[in-house]
Amino acid sequence: MGQFSGSAGVVHSLRPLLAAALCVAASPAAASTLRVDPIKVEISADRKIASIRVENEENVPVAVRSYCLAWSQPGGEDRYEESDALIVSPPVATIAPGATQVIRVGLRPGTPARGAYRLIVEEIPPAETGGGIHVALRLSLPLYVSLASHEPSRLQWRSFQRADHSLVVEAANPTDGYVRAEAADIAAATGLKSSSFPGFAVILPNSKRQWVLGTKPDIADRARFDALLRAASPDESPRS
């Protein structure tokens, strides 16, 4: 079970799933704490409806709205767009103190049977009656519809130098499933230090993911990294 909070104490491995929006006001700050399980949602032919449990660990009610966004990776970057391919129930709920709300997700009839989405669960900020900043929690959970998971060894790696001389590392996923690569996997494949990357990355089916490293990347294995540079396409300029 994963715990999310608008405070700085959120678990580091889950930090990519958390985004906080601030409502303008005076200090001090307040935040809600929600416990979510699971933190990955999957729908398949055998499991047409998925569900998550959202527990309110605060001593006051918390109102949340839930919806789905289509997830793609054009140009090597994550893109999220509005989508009505999935039905979320309930779309809005108020969770009592210490209570748990079950949120269900199902594929809308007539929509494509495969794809990647994000399930968004965000707090509806209460009306402020006095001074203070309220941190509105926003959770973004990966949601896969009939997509298999593949090992990082299936990824194809290369690196190239852009016109501004910054270096880019790219992972291409040629499979019809998604790949989750930990920082250690990325470092081992590229020759870079694992500190150059976030905790993990997901590369969607037949998509690419890019990381801009700047002009002085932290290289641990020069031979491996130079091999990636030599794999650059002719229209790109590897660094000598």
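The structure presented is a predicted model; accordingly, all values stated were derived computationally and were not measured.
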If you look at every heavy atom in Ser159 and Val169, which pair is closest and at what distance?
OG-CG2, 4.0 Å
Heavy-atom side-chain proximity of Tyr144 to Val41 below 4.5 angstrom:
no
Derivation and outcome, side chain to side chain donor-acceptor pair (under 3.5 Å), residues Ser44 and Asp46
CA-CA 5 Å; Ser44 64; Asp46 298 330; 5.1 Å; no
Less than 4.5 Å apart, side chain to side chain, heavy atoms only: is that true for Ile43 and Leu143?
yes
Smallest heavy-atom separation, Ala181 atom then Pro152 atom, equals CA-CG, 4.3 Å
Are Val92 and Ile124 side-chain neighbours, meaning at least one heavy-atom pair lies under 4.5 Å?
yes
Once you round to the nearest 0.5 Å, how far does CZ of Arg53 lie from CD1 of Ile95?
11.0 Å
Steps toward side-chain contact (heavy atoms from CB on, under 4.5 Å) verdict (Leu147, Arg114):
CA-CA 6 Å; Leu147 292 182; Arg114 301 179 73 254; 3.0 Å; yes
Any chance CZ of Arg108 has more than 12 other-residue heavy atoms, nucleotides or ligands included, within less than 6.0 Å?
yes
Common cluster, Leu69/Ile87, ILVMFWY with side-chain heavy-atom separation under 4.5 Å:
no
Start with the C-alpha gap between Leu229 and Phe160, add the side-chain angles, then the distance that decides, and say whether side-chain contact (heavy atoms from CB on, under 4.5 Å) holds.
CA-CA 5 Å; Leu229 284 174; Phe160 58 90; 5.6 Å; no
Check ion pair Glu182-Arg180 (N to O, under 4.0 angstrom):
yes
At their closest point, which heavy atom of Pro61 faces which heavy atom of Thr94, and how far apart are they?
CB-CG2, 4.0 Å
Is it the case that Arg118 places NZ or CZ above or below the six-membered ring of Tyr80, under 6.0 angstrom from the centre and within 45 degrees of the axis?
no
Using every non-hydrogen atom in the two residues, find where Asn56 and Leu34 come nearest and quote the distance to one decimal.
CA-CD2, 4.1 Å
Between Leu167 and Thr215, is there a side-chain heavy-atom distance shorter than 4.5 Å?
no
What are the two closest non-hydrogen atoms of Leu228 and Thr190, and how far apart are they?
CD1-CA, 3.4 Å
Distance-only donor-acceptor check, side chains Asn173 and Thr175, under 3.5 Å
yes
Within this structure, what is the CZ-CD distance for the pair Arg79 and Gln73, rounded to the nearest 0.5 Å?
11.5 Å
Please test Val105 against Ile49 for side-chain contact (heavy atoms from CB on, under 4.5 Å), starting from the C-alpha separation and ending with a verdict.
CA-CA 6 Å; Val105 185; Ile49 297 177; over 6 Å; no
Mutual orientation of the aromatic rings belonging to Trp211 and Phe197 [parallel < 30°, tilted 30-60°, perpendicular > 60°]
perpendicular
For the student: nearest non-hydrogen atoms of Tyr178 and Pro205, plus distance
N-CG, 4.1 Å
Should Ile103 and Ser51 count as side-chain neighbours, where that means a heavy-atom distance under 4.5 Å?
no
Hey, does Tyr67 have a side-chain heavy atom less than 4.5 Å from the side chain of Glu122?
yes
From Glu77 atom CD to Ser207 atom OG, the distance as rounded to the nearest 0.5 Å:
13.0 Å
Quick one: are Val202 and Val179 in side-chain contact, heavy atoms under 4.5 Å?
no
Taking the side chain as every heavy atom from C-beta outward, state whether Val212 and Arg162 have any atom pair closer than 4.5 Å.
yes
For Arg35 and Asp37, what are the C-alpha separation, side-chain angles and deciding distance, and is it a side-chain contact (heavy atoms from CB on, under 4.5 Å)?
CA-CA 7 Å; Arg35 186 177 292 270; Asp37 183 35; over 6 Å; no
